[in-house]
Amino acid sequence: MVDVPVGPACSGEGKTFYLETFGCQMNVHDSEKVAGVLMARGYRPVDSHDGADIVLYNTCSIREKAAQKVFSRLGAFRKARNAERKIIGVLGCVAQQEGERFFERAPQVSLVCGSASYPRLPDLLAQIESGNRRVKGLDLDTEDCFETEFTRRDNRFRAYLTIIEGCDQRCAFCVVPMTRGPERSRSGLKIISECRRLVDAGYTEIQILGQIVNAWRDPSPAGWSFAELLSRIADVPGVRRVRFTTSHPRFFTPDIVQAIDSHPALCDQIHLPVQSGSTEILARMLRGYSREEYLEKIHCIRKARRVISLSTDIIAGFCGETAKDFEQTLSLLAEVEYDQVFAFKFSPRPNTVALGFADTVPEEEKARRLAELQEAQRRIQVRRNQALLGQRFEVLVEGYQHRLGQAVGRTTSNRVLNFPGEPVEIGCYRQVTVTSAGPHSLVGDRAESGH
Ligand code: SAM
């Protein structure tokens with residue numbers, strides 16, 4: 001965590017805040033920025049809502065279950081000690097989705113603010129500080145990407161960096177365009193300046209973020225492509241690892257693979273959500289590619305000089321998905337052999353195109369398909385990880401498991417590779433040889449002292 005200078009308007013001096021985050025990495029990073037804004041105003045973070053003057057929930061609405069979490073938190077919180085004296089704010093996607101209705105549904109809430117309105121957060125906080133108990137930030141058309149003066153970073157060696165906000169796609173299942181607003185790209189030169197600042201502050205890994213990260217287009221006259229941006233970030237002296245997520249197959253071009261091939265700092269890992277292996281279902285989902293077109297992209301990645309690790313997202317039981325469609329998803333898994341798969345049961349979301357379709361697959365069948373998918377993938381991962389026995393990898397040490405006396409490392413292909421190490425090695429790079437392999441992680445021995 002970096003020190004946050006306290007700005008001129010320290011109206012929160014002496015007050016505390018508790019911020020809980022649900023959902024994706026973008027939410028995690030948004031929370032780092034929100035915390036930075038609060039700390040710059042003199043607020044101090046605390047670890048539980050008990051001792052907090054302001055309690056904030058940064059929410060996720062991608063699936064119904066995720067969206068419900070904030071309501072169960074608010075329900076439980078009502079009984080908490082001094083609950084009535086605290087200021088409660090709901091941020092992020094559920095805030096944007098529910099809007100002012102939140103004040104009716106949960107009258108204890110004083111602030112409702114979607115991510116596109118975070119640039120206005122200091123102003124919204126000032127309204128709360130002056131006693132307003134119904135403050136909202138729900139604009140979706142804000143021009144600027146969220147650039148705060150201070151970001152409180154939770155990780156000492158990996159820094160998140162948002163390069164594009166919002167989403168202009170209209171995937172039939174997805175709530176994101178409605179909750180995060182239209183696409184806005186950050187200028188390439190500003191991104192590079194931020195990378196340099198991050199390296200100066202000691203970060204060696206940069207994870208660039210966007211709902212559709214490869215839809216990024218340089219809005220400045222330089223007009224860099226996404227692949228060019230990746231290369232330039234990798235060329236910043238001191239940057240050792242660059243990851244990017246999430247890519248959309250529609251915007252995935254061969255020059256991205258070429259950039260990875262020619263820049264060792266670009267990690268050999270690509271997350272490319274397919275969602276379904278059936279062309280019919282992909283068309284219903286409005287994904288903009290067929291199974292064959294997706295497989296062509298995979299073929300291009302597999303042809304790279306480096307072995308690039310692949311992961312994906314899959315939705316089981318989308319509207320109209322027949323047993324045959326599902327078989328095609330299983331056959332795609334077998335054909336691609338991903339290193340990791342994030343699979344979800346389809347969950348109908350408000351204001352999406354799919355809400356107009358019949359949700360034909362019963363819940364139990366969705367669950368059955370999900371379990372089958374996960375089991376098929378588990379077997380693939382066991383096989384793929386076993387094939388790494390005896391191989392040597394550089395890992396970045398991300399943590400330490402005291403119980404096992406193991407350092408938790410991560411390879412550039414995004415695999416967890418643990419080895420007997422020391423807590424002081426967190427943030428260091430080490431060479432490790434794989435000695436055993438499970439479906440989700442590897443264990444190894446130090447190959448030599450790191451550098
Ligand atoms: N923007 C990215 C894209 O379009 O590829 C994905 C972002 S989303 C946070 C992560 C994943 O959640 C999606 O790739 C999809 O698999 C899943 N997801 C999104 N909406 C869903 C829904 N209504 N039901 C189930 N899963 C969903």
Side-chain angles (χ1 to χ4, degrees), residues 21-30 58-69 92-94 96-97 115 160 162-185 208-216 226 244-252 256 270-278 281-282 284-289 293-294 297 310-321 326 329 332-333 338 340-357 359-361 363 365-367 369-370 373-374 377:
T21 309
F22 305 96
C24 64
Q25 285 150 324
M26 286 200 77
N27 269 12
V28 171
H29 186 37
D30 283 349
N58 189 2
T59 60
C60 167
S61 68
I62 200 80
R63 286 168 289 277
E64 176 65 16
K65 223 168 152 184
Q68 279 310 325
K69 275 189 191 150
C93 294
V94 184
Q96 190 70 53
Q97 184 183 294
S115 63
Y160 293 128
T162 305
I163 65 162
I164 176 168
E165 275 283 359
C167 181
D168 284 350
Q169 302 304 300
R170 282 290 179 274
C171 300
F173 52 81
C174 192
V175 82
V176 168
M178 280 67 78
T179 59
R180 284 191 169 265
E183 265 169 18
R184 292 140 282 155
S185 290
I208 62 179
L209 300 177
Q211 281 301 329
I212 301 213
V213 74
N214 57 335
W216 180 86
F226 176 66
F244 53 97
T245 193
T246 300
S247 298
H248 191 298
R250 258 182 91 172
F251 304 98
F252 195 88
I256 299 175
I270 293 172
H271 183 66
L272 201 60
V274 66
Q275 313 298 357
S276 169
S278 149
I281 293 298
L282 288 170
R284 297 205 98 199
M285 286 177 165
L286 306 175
R287 288 290 287 177
Y289 53 86
E293 283 162 343
Y294 180 86
K297 315 255 173 188
L310 273 165
S311 57
T312 199
D313 292 344
I314 291 181
I315 297 179
F318 185 66
C319 315
E321 185 187 81
F326 179 63
T329 299
L332 185 103
L333 279 198
Y338 295 100
Q340 208 176 2
V341 169
F342 301 90
F344 316 96
K345 289 188 290 177
F346 170 62
S347 165
R349 305 307 298 130
N351 307 316
T352 55
V353 173
L355 211 61
F357 302 158
D359 185 12
T360 47
V361 184
E363 256 337 274
E365 178 59 11
K366 283 182 192 167
R369 289 181 191 179
L370 180 68
L373 235 154
Q374 287 168 332
Q377 179 58 26

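Whatever order the structure lists them in is the order used to number ligands and atoms, beginning at 1.
- Proximity of Pro273 to Thr246: side-chain heavy atoms (C-beta onward) are separated by under 4.5 Å at one or more points.
- Between Thr352 and Met178 the shortest heavy-atom distance is CG2-CE, 3.9 Å.
- At least one heavy atom of Arg287 lies less than 4.0 angstrom from ligand 1.
- Among the atoms of His248, none of the N or O lies under 3.5 angstrom from an N or O of ligand 1.
- From the protein, the heavy atom lying nearest to atom 16 (O) of ligand 1 is Gln275 OE1, 2.7 Å.
- Summarising the contacts of atom 9 (C) of ligand 1 with Ile62, Ile212, Asn27, the nearest heavy atom is found in Ile62.
- The shortest N/O to N/O separation between Phe173 and ligand 1 falls below 3.5 Å.
- At a heavy-atom distance under 4.0 Å, only side-chain atoms of Pro273, from C-beta outward, approach ligand 1.
- Considering backbone and side-chain N/O of Arg349, none are found under 3.5 Å from N/O of ligand 1.
- Within the 4.0 Å heavy-atom shell around ligand 1 one does not find Gln169.
- Neither the backbone nor the side chain of Met285 has a heavy atom within less than 4.0 Å of ligand 1.
- Nearest-residue assignment for atom 2 (C) of ligand 1 (options Gln211, Lys366, Lys65; heavy-atom criterion): Gln211.
- Annotation: Arg63 places an N or O atom under 3.5 Å from an N or O atom of ligand 1; distance criterion only.
- Between Val94 and Thr59 the shortest heavy-atom distance is N-OG1, 3.0 Å.
- Nearest non-hydrogen protein atom to atom 25 (C) of ligand 1 is Lys345 O, 3.3 Å.
- Geometrically, ligand 1 and Thr246 share no nitrogen or oxygen pair separated by less than 3.5 Å.
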